[in-house]
Amino acid sequence: MKSARVIASVLMYAQWSENEDERKRDISFWNELPETVLRKTFEYKGDLVTVFIDWRKMSKGIDRLGEVLFSSEPQKKHTMQQLKGQVRIPATVDFVFSESSEQSDVKQRNAAESVLEYCLHSFFLVSNLSIPGICDFYRAEIKIKGDQRRFAVKSYINISSYAFERTGDTECPDWMRSQVLPVSDVEEWFSKIAMGGELRQRAESPIEKALFSILHYCRLDFEVTSIIWVVHALEAMFSTRVGDAKRALLEKIAFTLDLADRDKKSLKRNINGVYEGRDKLVHGGFATYSPLMNEHIDSEIWVHVSDLVDQGQVGFQILIACVQSLIAKRFYSVKAEEILSFKC
């Protein structure tokens, strides 16, 4: 059987933490990623495809960004890419072709782009469910080396980690705050969910629906419609019934997070706020704003929009808390059953 290799790279931006302990933690994360995270093998249209992405290069990118930020030289001495902390992550995509496979260079590069983009989406979930906010693909680029040995931009990835960053907000209740999980545990959990080991774009389980919804949410930067994806994710993950969604959701979330009675009251208040925001948006109660969003014309326009965005973020934090709880407990599916008991 014939084989081929496509050379690629991912351009993204390093995340700099002002907290030294967090910065050391982040560098360790990138340096110590297990081989199961760095290398992935899939079947793609009858061919065997192995993707290797050397995420360890990100640790050097963080160090270089620190050197630029605290350099004694004037900022004009540095390029805009250096000031923003742009990092080139090398990647290879290896093919082992089946007998019937079409093997043109163009088709190989297109296939490499597709599989590589899928791996980036998966890694975004694994990394940010391990350390929320650590991996940002906002304005990231996939580049594939072409015939003239030049790298050409094949696609842009716009998935922001900002929503994940906010899940660690110290002002929110403890039960809602995200945690840091070992990446090996997250990777193991992710690989046991079908989405982690197959190339597919349609969810086939409640948890997959939630994970795909998280990606949709993170692609919508400051959009009021993102609250719809949050509610969809929660109701899908816990398989709630139409007409009884909110009541059942409260019970299932409280059980998943092992909430005390006082925290159940907090949960109810926050979920009510999420549903209130969702209902306003989908049932016509929200004062729709112009896409112009010009604060010189209306000084309160951003406040108006951010109120609904913040309600969506509350739901997102609850969603991430639930997913992380499932990972920590090594639960791979959610099935809730109601039990009726009768007394004579």
Side-chain angles (χ1 to χ4, degrees), residues 11-19 22 65 68-70 74-76 78-87 121 124 128 132-141 153 155-173 176-178 212-234 266 269-321:
L11 290 180
M12 56 187 293
Y13 297 92
Q15 302 285 91
W16 178 266
S17 174
E18 296 289 342
N19 184 294
E22 290 182 0
L65 179 58
V68 170
L69 292 175
F70 300 102
Q75 288 194 347
K76 63 183 180 181
H78 302 287
T79 66
M80 185 57 68
Q81 286 77 13
Q82 289 174 329
L83 290 171
K84 289 183 176 180
Q86 190 178 69
V87 183
H121 282 74
F124 179 86
N128 285 303
I134 195 167
C135 177
D136 187 37
F137 286 147
Y138 184 67
R139 295 184 178 176
E141 302 172 14
V153 177
S155 57
Y156 293 91
I157 312 295
N158 276 309
I159 316 177
S160 172
S161 65
Y162 180 61
F164 272 101
E165 290 178 36
R166 293 182 63 189
T167 61
D169 188 355
T170 56
E171 295 183 3
C172 70
M176 198 192 299
R177 199 173 305 148
S178 62
F212 279 141
S213 298
I214 289 171
L215 291 172
H216 279 288
Y217 184 92
C218 292
R219 287 174 66 94
L220 295 172
D221 186 34
F222 206 78
E223 286 282 345
V224 295
T225 52
S226 59
I227 195 171
I228 296 174
W229 282 113
V230 168
V231 176
H232 172 80
L234 287 168
S266 172
R269 183 172 62 253
N270 282 286
I271 286 293
N272 283 342
V274 173
Y275 270 84
E276 178 185 342
R278 193 284 306 262
D279 291 346
K280 281 184 180 179
L281 183 64
V282 300
H283 298 307
F286 179 68
T288 308
Y289 56 92
S290 165
L292 180 63
M293 292 186 68
N294 189 313
E295 66 269 25
H296 297 294
I297 297 174
D298 181 352
S299 61
E300 298 295 319
I301 186 64
W302 284 98
V303 175
H304 173 65
V305 174
S306 64
D307 283 346
L308 191 53
V309 171
D310 287 344
Q311 285 176 312
Q313 179 64 28
V314 168
F316 184 79
Q317 290 188 220
I318 295 171
L319 171 62
I320 298 305

To the nearest 0.5 Å, tell me how far [X] [atom1] sits from [Y] [atom2].
X    : Y    : atom1 : atom2 : value
S290 : I297 : OG    : CD1   : 7.5 Å
M293 : D298 : CE    : CG    : 9.5 Å
E141 : Q86  : CD    : CD    : 6.5 Å
D136 : E165 : CG    : CD    : 7.0 Å
I228 : H216 : CD1   : NE2   : 12.5 Å
S266 : I318 : OG    : CD1   : 8.0 Å

Exercise. Check whether more than 12 heavy atoms from other residues, nucleotides or ligands sit under 6.0 Å from atom OH of Y162, and answer yes or no.
Key: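 No - once you tally the heavy atoms of other residues, nucleotides and ligands closer than 6.0 Å, there are 12 at most.
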
For a quick test of reading the model, state the closest non-hydrogen atom pair linking [X] to [Y] and the distance between them.
X    : Y    : value
F164 : P132 : O-CB, 3.4 Å
D310 : R166 : OD1-NH2, 3.3 Å
Q15  : G133 : NE2-O, 3.7 Å
S160 : F124 : O-CZ, 3.5 Å
L319 : A233 : CD2-CB, 3.6 Å
R278 : I227 : N-CD1, 3.6 Å

Quiz prompt | Side-chain donor/acceptor of N158 to backbone N/O of R139, under 3.5 Å | solution =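 It does hold such a pair.
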
Practice problem: Measure from the side-chain N and O atoms of N128 to the backbone N and O of I134, and report whether any donor-acceptor pair falls under 3.5 Å. | Solution: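 Checking the backbone N and O of I134 against the side chain of N128, a donor-acceptor pair under 3.5 Å is found.
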
Taking the side chain as C-beta and beyond, is there a heavy-atom pair between [X] and [Y] under 4.5 Å?
X    : Y    : result
N294 : I301 : no
I214 : W229 : no
Y217 : Q313 : yes

Practice problem: Might you work through the ring pair (Phe, Tyr, Trp, His ring centres under 6.0 Å) test for H121 and F212, ending with a clear yes or no? | Solution: CA-CA 9 Å; H121 282 74; F212 279 141; 9.0 Å; no

Quiz prompt | Working for side chain to side chain contact (heavy atoms under 4.5 Å, CB included), residues K280 and L308 | solution = CA-CA 9 Å; K280 281 184 180 179; L308 191 53; 5.6 Å; no

Quiz item: Where does the angle between the aromatic ring planes of F286 and H304 fall among parallel (under 30°), tilted (30 to 60°) and perpendicular (over 60°)?
Solution: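 Parallel, since the angle between the ring planes stays under 30°.
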
